[in-house]
Amino acid sequence: MAQHPHLRVDTDGPVLTVTLANPAERNAQTPSLWAALAAVGEQLPEVVRVVVLRAEGESFSAGLHRGMLAPGGMPGEPDLVRLATGDPTGAAEAIAGFQRAFRVWQEIPQTVVAAVQGHAIGAGFQLALAADLRVCADDVAFAMRETSLGLVPDLGGTRPLVRLVGHARALEICATGRAVGGAEAQAIGLATVVVPRPELDATTDDLVSALLEAPAGALRELKPLLACAVDADLDTQLRVERAAQVRCLTALARAHVGAQPQVGMASPDRGEGGRR
């Protein structure tokens, strides 16, 4: 599914692992990588229940590849400088395409877990924010550096950041571009858990196993239900809860009926009329 040299996708039953695989360049990101990420998220097999976002090497992602900001850009990639100086409508449309790689993980019903180590800067920070849960190594360094370049975060990270840490803290983090380390990330709600670097993979795997212990239907309903609760008024949220619960109850009832023996049906070792 990946179709990109710096992205690897592995499936193990209900778990799909997406790995940024360009450690030599600290997993710097490009629009072609974003297109591949979007395609993976938009083509998830039905069997997948949990997605894990990982990265090879010392850093999760150093953000946008600096070559993208050079005149002429990079071979095989859109020229961002030319895009910025052209028609604003065209630039907005291009950015909307880039955002697909980040919004897809927020929109799918599957639970998304990011395993984050080292630097997670700019686009790397926003990819981690696109996940539902973040397991972080104690050497993690989250940072939004866009403002220092005269830009703003534009890859879908502002919404989850404000939801997690609040408006004032999000403003301070983005405006200063400072790094948020592991201990602070856990204290302010950015990190679900922070562990020593050698324990990152095992802790992530343990969390995934715990998620898979929940019934598939209930886990799939839970993510959009809780996401709605952030902004919904009480009546709306109660309505959404009712609808989700009815779907869960219906699925349980159907499973129960399907598990019952069919009355009046001859068993394989019986003759006509059900007699031996």
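This chain uses plain numbering: 1 for the first residue, then up along the sequence.
Residue Val240 is not grouped with residue Leu219 when hydrophobic side chains (ILVMFWY) are merged at heavy-atom distances under 4.5 angstrom, including chains of intermediate members. Under a hydrophobic-cluster definition in which Ile, Leu, Val, Met, Phe, Trp and Tyr are linked whenever side-chain heavy atoms come within less than 4.5 Å, directly or via other members, Leu212 and Val112 are assigned to different clusters. Hydrophobic clustering, with ILVMFWY side chains joined whenever heavy atoms are under 4.5 angstrom apart, groups Val180 together with Val116. Note: the hydrophobic cluster containing Leu225 does not contain Ile108 (ILVMFWY, side chain heavy atoms under 4.5 Å, direct or indirect links). Clustering ILVMFWY residues whenever any of their side-chain heavy atoms sit less than 4.5 angstrom apart, transitively, puts Phe125 in a cluster other than the one holding Val162.
The only member of Leu69, Leu155, Ile121, Leu149 that meets side-chain contact (heavy atoms from CB on, under 4.5 Å) when paired with Leu64 is Leu69.
Annotation: side chain of Val40 is in contact with side chain of Leu16 (closest heavy-atom distance under 4.5 Å). Contact check for Arg100 versus Glu42: side-chain heavy atoms found under the 4.5 Å cut-off. When side chains are defined from C-beta on, Arg163 counts as touching Val230, because their heavy atoms get closer than 4.5 Å. Taking the side chain as every heavy atom from C-beta outward, Ser61 and Arg26 never approach each other to under 4.5 Å. Between Trp105 and Leu129, the closest side-chain pair of non-hydrogen atoms is not below 4.5 Å. Proximity of Leu133 to Leu207: side-chain heavy atoms (C-beta onward) are separated by under 4.5 Å at one or more points. No side-chain heavy atom of Thr17 sits less than 4.5 Å from a side-chain heavy atom of Val9. Two residues are said to be in side-chain contact when any heavy atoms from C-beta on lie closer than 4.5 Å; Arg49 and Leu211 fail this criterion.
Nearest heavy-atom pair across Thr176 and Glu172 is OG1-O, 2.8 Å. Heavy atoms only, all atoms of each residue included: Leu161 and Leu190 are closest at CD1-CD2, 3.8 Å. Here the closest non-hydrogen pair linking Pro31 and Phe98 is CB-CE2, 3.7 Å. Summarising the geometry of Met68 relative to Pro78, their closest heavy-atom pair is CE-O, 3.2 Å, with the distance given to 0.1 Å. Scanning both residues, Ala191 and Cys136, for their nearest heavy atoms gives CB-SG, 3.7 Å. Looking at every heavy atom in both residues, Val113 comes nearest to Ala131 through C-CB, 4.2 Å.
Side chain of Asn22 to backbone of His6: no donor-acceptor contact under 3.5 angstrom is found. A donor-acceptor contact shorter than 3.5 Å links the side chain of His65 to the backbone of Gly67. Between the Gln110 side chain and the Leu44 main chain, no donor and acceptor come within less than 3.5 Å of each other. A donor-acceptor pair is defined here as one N or O able to donate and one able to accept, closer than 3.5 Å; no such pair exists between the side chain of Glu146 and the backbone of Pro153. Under the 3.5 Å distance criterion, the side-chain polar atoms of Arg134 are matched with a main-chain donor or acceptor of Ala128. Side-chain atoms of Asp138 do not come within 3.5 Å of backbone N or O of Gly182 as any donor-acceptor pair. With hydrogens and angles ignored, the 3.5 Å screen pairs no side-chain donor or acceptor of Thr158 with any backbone N or O of Asp154. Judged by distance alone, the side chain of Thr19 and the main-chain N or O of Ala21 form no donor-acceptor pair under 3.5 Å. In terms of modelled atom types and a separation under 3.5 Å, the side chain of Thr250 and the main chain of Val246 share a donor-acceptor contact. Judged by distance alone, the side chain of Asn27 and the main-chain N or O of Glu56 form a donor-acceptor pair under 3.5 Å.
To the nearest 0.5 Å, atom CZ of residue Phe102 and atom CD of residue Glu107 are 13.5 Å apart. Considering CE of Met74 and CG of Leu80, their distance stands at 10.0 Å, rounded to 0.5 Å. Here the straight-line distance linking atom CH2 of Trp34 with atom CD of Gln99 works out to 10.0 Å at 0.5 Å rounding. A distance of 3.5 Å separates CG in Asp233 from OG1 in Thr236, rounded to the nearest 0.5 Å. To the nearest 0.5 Å, atoms SG (Cys174) and CG (Leu151) are separated by 12.5 Å. Once rounded to the nearest 0.5 Å, the distance linking CE of Met144 with CD of Gln126 reads 4.0 Å.
Identified under the salt bridge (charged side-chain N to carboxylate O under 4.0 Å, His left out) test for residues 12-24, with sequence neighbours left out: none. Within the structure, salt bridge (charged side-chain N to carboxylate O under 4.0 Å, His left out) contacts touching residues 235-249 (residues at least two apart or in different chains) are Glu221-Arg247.
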*Could you please spell out the steps behind the side chain to side chain contact (heavy atoms under 4.5 Å, CB included) verdict for Val48 and Val15?*
CA-CA 6 Å; Val48 172; Val15 181; over 6 Å; no
*Take Leu33 and Leu20 through the side chain to side chain contact (heavy atoms under 4.5 Å, CB included) test and state the conclusion after the steps.*
CA-CA 9 Å; Leu33 177 72; Leu20 303 182; 4.2 Å; yes
*Would you please test Leu127 and Val18 for side chain to side chain contact (heavy atoms under 4.5 Å, CB included) and show each step?*
CA-CA 12 Å; Leu127 183 59; Val18 182; over 6 Å; no
*asked:* Please evaluate residues Thr204 and Asp201 with respect to the criterion side chain to side chain donor-acceptor pair (under 3.5 Å), reporting the C-alpha separation (whole Å), side-chain torsions for both, the decisive distance (0.1 Å), and the verdict.
replied: CA-CA 5 Å; Thr204 302; Asp201 289 344; 5.4 Å; no
*Test side chain to side chain contact (heavy atoms under 4.5 Å, CB included) on Val135 and Leu200 and set out the steps.*
CA-CA 7 Å; Val135 180; Leu200 179 63; 3.8 Å; yes
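For CZ of Arg178, the number of neighbouring non-hydrogen atoms (other residues, nucleotides, ligands) closer than 6.0 Å is greater than 12.
In this structure, Arg197 pairs ionically with Glu58, as a charged nitrogen and a carboxylate oxygen lie closer than 4.0 Å. A salt bridge between Arg82 and Asp87 is absent, with no side-chain N of the basic residue lying under 4.0 Å from a carboxylate O of the acidic one. Of the charged side-chain nitrogens involved, at least one lies within less than 4.0 Å of a carboxylate oxygen, so that Lys223 and Asp132 count as a salt-bridged pair.
For the residue pair Thr203/Asp206, the side-chain donor-acceptor check at 3.5 Å is not satisfied. No hydrogens or angles considered: a donor-acceptor pair under 3.5 Å links the side chains of His4 and Ser32.
Take Gln237 and apply the side-chain hydrogen bond (donor to acceptor under 3.5 Å, both in side chains) test, not counting sequence neighbours, and it matches no residue.
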